[in-house]
Each structure stands twice: as structure tokens, then as C-alpha cells.
K.L.:
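Just passing along the structure, written as C-alpha cells.
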Amino acid sequence: MCFCLVWIILLMTCKGVIAVETEIVAEIKASNFINVSRHVQHLSDWFQDEDLKIDYETNKKNSLLFYILQDWVLEKGLLNTIVNENLYLCTVTIFYEATTTGMALILSKTLNERGTKLYRLSPDVLKQMTTWIRSSCDTYIFLVATGEILIQHASVNHLKAVPYQPGYRPPLFWNYDAYYIIALTDPSSPQPSDFIGLYNFKKTQNLLILQQNDEFTIIWTHALISKIPELEFLDTWVNGSFLNRKQLFKKKFDNFQKRPVRVATFEFAPSVVYAKDDDGHVVSRLGVDMEVIQGLAVIKNFTVEFIEVSYEEKWGTKYPNGSWDGLMREVYDEISDIGVCNVFIDDVRWTETDYSYPYNFMPGCFVTPTPKPLSNWQSPTLPFAWSTWVSIGISLLVGGPLLFFLSVLSMVPGPNEFRSISYNYLYFVASLTTRTLNTVPSSMPARIYVGFVWIYCLILATGYSANLIAFLSVTQKAPPIDTLDQLIKSGLRLGGHSFWKTQFEISTDPTVLKLASLLETNVDYLEVFKAVEAGTFSFVENKQYLELNRDARFTYGDRPTIRIARECYLSYNIALILPRHSPLTDNLTNGLLRIFESGMMMKWQAEVTKHFRKQYADERSKTNTVTISRNKTLNLGHVQGVFYIMVIGYVLSILLFLYEKLLKK
């Protein structure tokens, strides 16, 4: 009896399946898609899927449309052909709506050898990180009728969707490097144009949109980096094959077709130099970075639309609420497509934006005043270092008493003069000046000692007198500032952009941390060099920028009045800065490599320096009042130190004379 009952249930199920199959075939015949019917198999297996059971009634209402579009998901249909010919090694993820469940199941079965993932399209699914797990190549296929959920999700900038929290990076529910295929199953709504202007699709390079039109399918893509979203026709699918056989996932940035690219910048030589007319309007832009942009414009065939950044804000400072100003604001808020002006690659900006391939390298250095001339009264002391003078003083203190003891304790009586300590000191000083007294000791130990003293004094006196000529005839200067430690001890005010302060603060070097605490960030770049020249200030910046200003503005003849400290702080890569996940980031690499390897960077920098020097030629001629002569006559100023020594001797002699007079009384 049980056997009969089971048999009856199976028979009724088969009848139901046969009825469904009959209905399907009838609808297919009515829509002239008879060839599709042979692919509709194993329907009983499909009905075991819970989603299909839930959505079956909805599918049934649109069964005619469902089976017309079934050609997209069959084994040799449109989607299989796209994947097999273009994305064979990619992981495929299928998203479906209620009315496209059956299509998703058929497609997943025909692509099952790839380990296809299948998701019901919903906000919760799209906001799970497991949905967006990345592999070496990912393909996302959306089978949509209304597309509301996808449109809502693709229009959100997920990195800014939550309030800013320091140190917190929101999850990214999108894969900008993946391949996206949107199959529009409802001809009435939505339209391809409804997707291409969405935030995330504007950053996604690889996108196909399939739109059914009567008995053929149109394949669209989008034009990126365009003010107004534009659809681009690719091909037509008719009777199981492509009509034009065009490349579906082509490189969109090999030729921009003269589309404008927005570039944010400001004047900062030698990277960016403006040539202006009498009214102050920018006529042309020169400089290394501007040449790079113009070179890319030629290579990629785009036009440049410049966005001016306030010179006071420059590269930009980050505020506690996470916002930026300056160049970073233009890029971070995606007002511009590219930011360029001597932009260093650093960790702080790296988390907020993208960088291109670096095309220049430059350290950050401090510019300091050129050492000032020393007063000539120090000339008599300059031939020897202070350590040498200290050593000579110690030898004098020891040498006089030693000669005294050798003379007093000797078994051979000698001149009585050597039994006086003051005479022995005078004898030692006379030897240092190569004017020894005529008296010589009698004992052999004292004579040997005096002989070596003479040799010692002869060498010292010869070296001193030879070196003294140079120090008297040539103006001497203070020691230059070459290290960060010397800079801190110099007492100069230190300044620089806020960027440098953040870089110094993350260092583990105590000297660099000290610099961070002393650094002033409210620096006027137009006036700061004058303060450096005056000897009151020092500031840090890109070495290339410092060299340009030194050579063009503050070099008179061959004499610079400012100098760059030898010890610099790191070496930074210079690159273009772009919005986060910009499709331009990787696509500009080849052009930048071609420019970098051409060797044009040094040529452009030399041209900017020449142009800059012409601008400041009049200023240099007015300031350059110093004349340098190779033949100098020694005047009182050169030998004033000798007279100071004489005065000191007079004063000491008088004091000792008065002391003796008082002592006798």
C-alpha cells in the first residue's frame, strides 16, 4: 500500500512538470524562440531551490519575457560567450532579483565549472565583506529588472558614508578592479544611462550593459573622465553571435579623444611657474610638473582644464573633522581628476588618495644663511683651533715648572736665571716665538729637555706664522650649518609647511623630534628667503625648490647669500595625486615612464632656472654692491687683533707693577 502511495505522488509530480514544460514550449513557440526549448531541461531540479519556489509565481507572470531573454544565459548564449571569450580565468558572481531567479539558476548551471557564486540582490548582501572577497580576477553579473537596489548601492561613496573617525577606515563594499556586466531584463526600466553616472560605476573601468531591443541585444559601455556621463556603443548580439566582433573590455585611456581632464595646481617653482600678462592673468604655465602634464596630454590625447588652488593653502592641511584644504581638498573631494605641484608621496596622504607612478625624486633640506664674516680682531687666534690653543697652554703650564726643577735639582750648577719660575716661563714663551734667550742650561738633562722644546716650538711657530698670513689677508667666516644638530643649536627660527611637521613628528630620532617642536608652520614663502638671507631664519623644503631660489634670486655673481645644509631629511618620491580609486591611476603609468626615461626632467629644470633668473635680474643687480678683489692691502681692520694683544699686555704689566709697589710698602 505504501508503494502504491509513493507511486501516485511521483506520477502527480511528473504530470505537474510535464504541464510546466508544455506551457514553456508553447510560450517559446509563440515568441519564435523554438531553438531555446532544447536547453530547458531538468526543471524538477530547479524547483527544489527555495528561492525559485518563492519567486515562481512572479516569474510565471513574466514567463514570456523570461524565455525570450533565456538566450542570454544558455550554454552558448550571450553571457557565457562574453565570459568564455574575455573572462575565462575570472571568478564569477551572479546577483539576481526576484523576477530573474530562473535566469540566474540557468546561468549558474552553465558556468558551474568555475565555482560560480550566486546571491539574491539585497542591501544586506551588498554590505557584507564576504560578498566582495577579491581574487586575481573577478566578474560580477547583475541580472536586474528594476535595478533599484543596485542603483542605490552604486551611488554611495562607501569611504565617506559614515562620520569621520581618526584612525578608522570604513569598509569598501565595491571592487573597482573587477569586471561588471549588467543585464537589463526589463526593456522599459531602468535604462543604461541610469547606471553610468553613479559614483562607483564612474570609477569602474570595465563595465558592460546589456539591453534587449526586439530580437537583438545591444552591448553598451561608458566613457570615463567625462563631465557628462556618456554611453558608448560596443556591439550587437544577433542570432547567437556578435555583429561587429569588437573588443568588449578595451583600454579606455589610450585615447581620451580630446576629453577634458581637470588638473588642480598652484604656482611653486620650479614645478609650476606662471607667465602672466600686465593684468595678472596667467598666459602660460612652465615648470617640470607642467611639462609632465602637457606630455601626458599629448600621449593620451586629452585637453587640460586647470583648477587654481589658493597659494596660501598650498598642498593642504588636514582638519580634526577629516576635511582638507588646499590641493588635497580638490583631490579628496574629487573636484579635480589630478593634483600636481611637487607632491611628495607620504603615508598620511596615501590613506586618503591615490598616487601615480613617481616621476621625480627629491630630499627635503633646510636652507640656512651663508656664514657671515668674522670680525678681524679674532684673526690672531684663527690659525689654530681652540683645542690646539688649549694644548699649547697646558704645555706652557707644565713646561716652565719642569725646567725649574731640572735646573734646581741638577748636580751640575747652572745659570741662576733658571732657578726662577718666572724666568723659565719667559724662556718657554720666547721659544714659542722663535726668539730664545741667550742663556742656556748647563746640565745635560736640562739641555736635552730644552732642545726638544725648541723643536716643538719651531714647528708650532712655523705653522702658525704661515697660516696667519691667510687669515689676515682673507676675510674669515663663521662655520657653516651642515647638520640638523647644528641647526638646532644655531638659535635660528625654523619654519616649513605643516607637511614637514607631520613628517618630523613620526620620527624616532630625538633630533628630528626636537625640530618638530621648533618648526613654525605659518611661513610666507614669498618673504621667507629674505629672512634667511638676513641671518634670522631657516626653513625646510624640497631641495629642487631651494636650489632654484638660491641660484636665481640670491646668487650675486658667483657668491650666494643663502646655502643648503648638507644633511637633508629623507628623499621623497614626487608623483601625481588622484582621488581614491581613480581609474586614471594605473593608466597613466606608461606615459609617466616614457617621460621619466626620456631624460627631459633635468632639461626642463634648467629652462625654469634660466627663466627665473631673468625675472630677478634687476633685483640682483641692485643688491649686489659687494666687490671682491684678489689683491688686498692689510689695513688696520685686518691687524686689529694684534693691537688688542698689545693692549692686554700693557694692562697686565701695569697691574703687576702696581702690585709690586704695594707689596714693597
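In what follows, residues are counted from 1 in the order of the sequence shown.
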K.L.:
Please determine whether the number of non-hydrogen atoms from other residues, nucleotides or ligands lying under 6.0 Å from atom CE of M602 exceeds 12.
P.N.:
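Incorrect, the count does not exceed 12.
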K.L.:
Can you spot which of T100, L121, I141 makes a side chain to side chain contact (heavy atoms under 4.5 Å, CB included) with F95?
P.N.:
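Option passing the side chain to side chain contact (heavy atoms under 4.5 Å, CB included) with F95: L121.
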K.L.:
Which of these passes ring pair (Phe, Tyr, Trp, His ring centres under 6.0 Å) with F344: F361, W500, W315?
P.N.:
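Looking at F361, W500, W315, the match for F344 under the ring pair (Phe, Tyr, Trp, His ring centres under 6.0 Å) is W500.
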K.L.:
If the test is side chain to side chain contact (heavy atoms under 4.5 Å, CB included), which one of I577, I307, T585, L588 qualifies with I338?
P.N.:
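Of the listed residues I577, I307, T585, L588, the side chain to side chain contact (heavy atoms under 4.5 Å, CB included) partner of I338 is L588.
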K.L.:
Flag the pair D333 / K160 as yes when at least one side-chain heavy-atom distance between them is below 4.5 Å, and no otherwise.
P.N.:
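In contact.
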K.L.:
Does the pair K203/E334 count as a salt bridge with the N-to-O cut at 4.0 Å?
P.N.:
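Salt bridge flag = yes for E334 with K203.
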K.L.:
If you count every heavy atom of other residues, nucleotides or ligands that lies below 6.0 Å from N239 atom CG, does the total exceed 12?
P.N.:
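Count not over threshold, so no.
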K.L.:
Applying ring-ring contact (aromatic ring centres under 6.0 Å, His included), which residue pairs with at least one partner in residues 574-594 are found, sequence neighbours left out?
P.N.:
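Found Y176-H581.
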K.L.:
Around K543, counting heavy atoms of other residues, nucleotides and ligands shown, do more than 12 lie under 6.0 Å from its NZ?
P.N.:
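It does not: K543 NZ has 12 such atoms or fewer within range.
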K.L.:
D325: what forms a side chain to side chain contact (heavy atoms under 4.5 Å, CB included) with it, not counting sequence neighbours?
P.N.:
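Expected list: E313, T317, Y319, R329.
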K.L.:
My understanding is that only one of D194, I219, L234, I196 makes a side chain to side chain contact (heavy atoms under 4.5 Å, CB included) with I209; could you say which?
P.N.:
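Running side chain to side chain contact (heavy atoms under 4.5 Å, CB included) over D194, I219, L234, I196 with I209 returns exactly one hit, I196.
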K.L.:
Taking side chain to side chain donor-acceptor pair (under 3.5 Å) as the definition, give me every residue that meets it alongside N321, ordered by chain and number, with sequence neighbours left out.
P.N.:
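By the side chain to side chain donor-acceptor pair (under 3.5 Å) rule, N321 matches S323.
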K.L.:
Within the supplied structure, the quantity of interest is the number of heavy atoms (other residues, nucleotides, ligands) at a distance under 6.0 Å from N213 CG; does it exceed 12?
P.N.:
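Above 12, so yes.
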K.L.:
Under the side chain to side chain contact (heavy atoms under 4.5 Å, CB included) test, which residues partner S155, sequence neighbours left out?
P.N.:
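Scan of S155 (side chain to side chain contact (heavy atoms under 4.5 Å, CB included), adjacent residues dropped) gives L198.
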K.L.:
Should we say atom NZ of K127 is surrounded by more than 12 heavy atoms from elsewhere, each under 6.0 Å from it?
P.N.:
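No, NZ of K127 has 12 or fewer neighbouring heavy atoms, counting only those of other groups under 6.0 Å.
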K.L.:
Going by the rule side chain to side chain contact (heavy atoms under 4.5 Å, CB included), which residues pair with Q247 if we only count those two or more places apart in sequence or in a different chain?
P.N.:
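K250.
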K.L.:
Does CD in Q152 sit with more than 12 non-hydrogen atoms of other residues, nucleotides or ligands closer than 6.0 Å?
P.N.:
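Not more than 12 within 6.0 Å, no.
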K.L.:
Apply side chain to side chain contact (heavy atoms under 4.5 Å, CB included) to T589 and list each qualifying residue two or more places apart in sequence or on a separate chain.
P.N.:
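T589 satisfies side chain to side chain contact (heavy atoms under 4.5 Å, CB included) with Y357, L593 once adjacent residues are dropped.
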